[in-house]
Amino acid sequence: MNRIYLDNAATTPLDKEVMTEMANVMENYYGNPSSIHAQGREVRTLIEKARKTVAGLLNATPAEIFFTSGGTEADNTAIRCGIAAFGLKHAITSKIEHHAVEHTLGQLLKDGVIDKLSFVNIDSKGNVDYAHLEELLKNNPRTFVSLMHANNELGTLTNLERVGDICEKYDAIFHSDTVQTMAHYGHDVRKIKAHFIVCSAHKFHGPKGVGFLYVNHTVKISPLIFGGAQERNMRGGTENIYGIVGLAKALEVAYSKMAEHHADIQGLKTYMKEKLIAEVPGIEFNGETDPEKSLYTVLNVSFPEMEMADMLLFNLDINGISASGGSACSSGSNIGSHVLTGIGVDPNRPSVRFSFSKYNTKEEIDFVIGKVKHIVEQNIAV
Ligand code: PLP
């Protein structure tokens, strides 16, 4: 059975072009980039070439790009080291951030590094209340703001330029978790006005375990990981050469066909949304689905209350369909999605996140709709 993979917000398959590039490095380069001899120097050159490629695509300078082990480390570095560098005592975030942000800020509060953590209001579709953000900043100068670009469960987008403008007005330090949108939209760091944005290569057909942190040139932070002088003294540890080369290649490939893939994937999402409305009774969507307000790779569907609701994903799985999801936390239980809970989704309704990539097809969506319809009808009828 050919499986259908609709869990691309969790991770994506490696692009063949990326694999070829990485295999070449694995086969032919083994020097330690910190070594001064020829083998070391040639690997150092590969890393700096990758940095230049990444910087060029984001309209950043190479000095603003620091390679990391992925999105989680980049978020941790931005938050922990950004707050430390400015001696900030207050942070603003939302209740629907990724755990890499939520748990990091929560720990800083617990440790007494910050003494206040405020949550900006979010509406029932996951949109940030910009007026409330401004209100919070007015009353709290010298604040760290962490708001993600696209929510990884809902797909709802935040207007980064707008948040950047508000932060600039109140002299706040702005970090955005851009893991889900990097390589899907053309980020221009000069327009966003964020001090920190982050990347994880495995979300756009690059390798796992590698990412980067963009740090605006006006900000000077200390490392999160101490050790050698790698990454210009900003991150100790021998570089993940294959990963870094793969990341740059994956970003390059994504940018070269971004408009085309955007249109194709948005087409699949819209098609699936319309088919679900037409064919599956009682469904609703979690988060924004309007193309202007929603990440084109994510569609979060809320199904009617049904028998064996927790078996929905399992049923899809045994039918050859990979997706992810869950339900909001029911009272007294902390198992479940803090994001769905954060926007007030009914905990009795199971939700599935379908997330798409350039490798999905309309035929796959048709197959999935047929199976979903069958599973829902069977279970509602019990
Ligand atoms: N932030 C968001 C929004 C994500 O979706 C993810 C991955 O699931 C991460 C951070 C963590 O990235 P990584 O898997 O590279 O640590």
Side-chain angles (χ1 to χ4, degrees), residues 5-14 18 54 65-80 82 93-107 122 126-128 145-158 160 163 174-185 187 192 194 196-214 224-225 235 237 239-240 242-244 246-248 250-251 254 286-288 294-300 322-326 337-340 342-343 351 353-357:
Y5 187 73
L6 291 182
D7 200 14
N8 291 283
T11 196
T12 52
L14 201 63
V18 174
V54 169
I65 305 297
F66 299 91
F67 292 114
T68 66
S69 66
T72 302
E73 185 192 320
D75 279 335
N76 267 264
T77 309
I79 295 169
R80 288 180 170 274
T93 187
S94 81
K95 289 253 164 90
I96 60 171
E97 295 296 310
H98 189 273
H99 284 153
V101 168
E102 195 203 14
H103 290 172
T104 306
L105 284 168
Q107 193 62 39
I122 294 288
N127 293 296
V128 166
V145 174
S146 182
L147 290 171
M148 70 204 311
H149 188 198
N151 186 277
N152 49 301
E153 290 191 39
L154 307 171
T156 302
L157 287 166
T158 293
L160 292 192
V163 175
F174 175 31
H175 158 246
S176 183
D177 180 338
T178 45
V179 162
Q180 288 291 339
T181 57
M182 187 64 69
H184 296 291
Y185 296 93
H187 291 294
I192 299 171
F196 305 98
I197 64 170
V198 304
C199 165
S200 174
H202 72 100
K203 306 291 186 182
F204 50 92
H205 311 288
K208 292 168 182 55
V210 65
F212 68 80
L213 170 65
Y214 155 84
L224 179 73
I225 298 173
R235 189 206 183 244
E239 297 88 338
N240 174 1
Y242 326 112
I244 290 170
L247 179 155
L251 201 63
N286 297 317
E288 290 288 357
S294 171
L295 173 61
Y296 55 92
T297 53
V298 170
L299 183 65
N300 193 313
S322 300
S324 67
S337 159
H338 71 287
V339 174
L340 297 179
I343 60 165
S351 295
R353 177 188 67 182
F354 297 103
S355 49
F356 316 96
S357 84

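Numbering starts at 1 and runs along the sequence shown. If you're wondering where the values come from, they're calculated on a predicted model, not measured in any experiment. Basis for what follows: all heavy atoms, side chains included, without hydrogens, waters or symmetry-related copies. Order of listing sets the numbers, starting from 1, for every ligand and every atom in it.
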Practice task
Please name the pair of heavy atoms, one in H202 and one in T12, separated by the smallest distance, quoted to 0.1 Å.
Solution key: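 Smallest heavy-atom distance, with atoms named: O-OG1, 2.6 Å.
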Problem - Least distance between heavy atoms, N286 atom then S351 atom - result: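 Nearest pair, atom of N286 first, then S351: ND2-OG, 3.0 Å.
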Handout entry: Set of salt bridge (charged side-chain N to carboxylate O under 4.0 Å, His left out) partners for R80, sequence neighbours left out
Key =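 Not a single residue meets the salt bridge (charged side-chain N to carboxylate O under 4.0 Å, His left out) criterion with R80.
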Exercise for the section: List in chain and number order the residues that pass salt bridge (charged side-chain N to carboxylate O under 4.0 Å, His left out) with E239, two or more places apart in sequence or in another chain; answer none if no residue qualifies. Expected result: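 For E239 the salt bridge (charged side-chain N to carboxylate O under 4.0 Å, His left out) partners, ignoring immediate neighbours, are R44.
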Practice task
Under the side-chain contact (heavy atoms from CB on, under 4.5 Å) rule, collect the residues that match up with A74, sequence neighbours excluded.
Solution key: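 Partners of A74 under the side-chain contact (heavy atoms from CB on, under 4.5 Å) test: T68, V198, L213.
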Problem - Protein residues that have a heavy atom under 4.0 Å from any atom of ligand 1, sorted by chain and number - result: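 Within 4.0 Å of ligand 1, the protein residues are G70, G71, T72, D75, H98, M148, N152, D177, V179, Q180, S200, H202, K203.
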Problem - Close side-chain approach of K95 to H338, heavy-atom, < 4.5 Å - result: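 No; the side chains remain at least 4.5 Å from each other.
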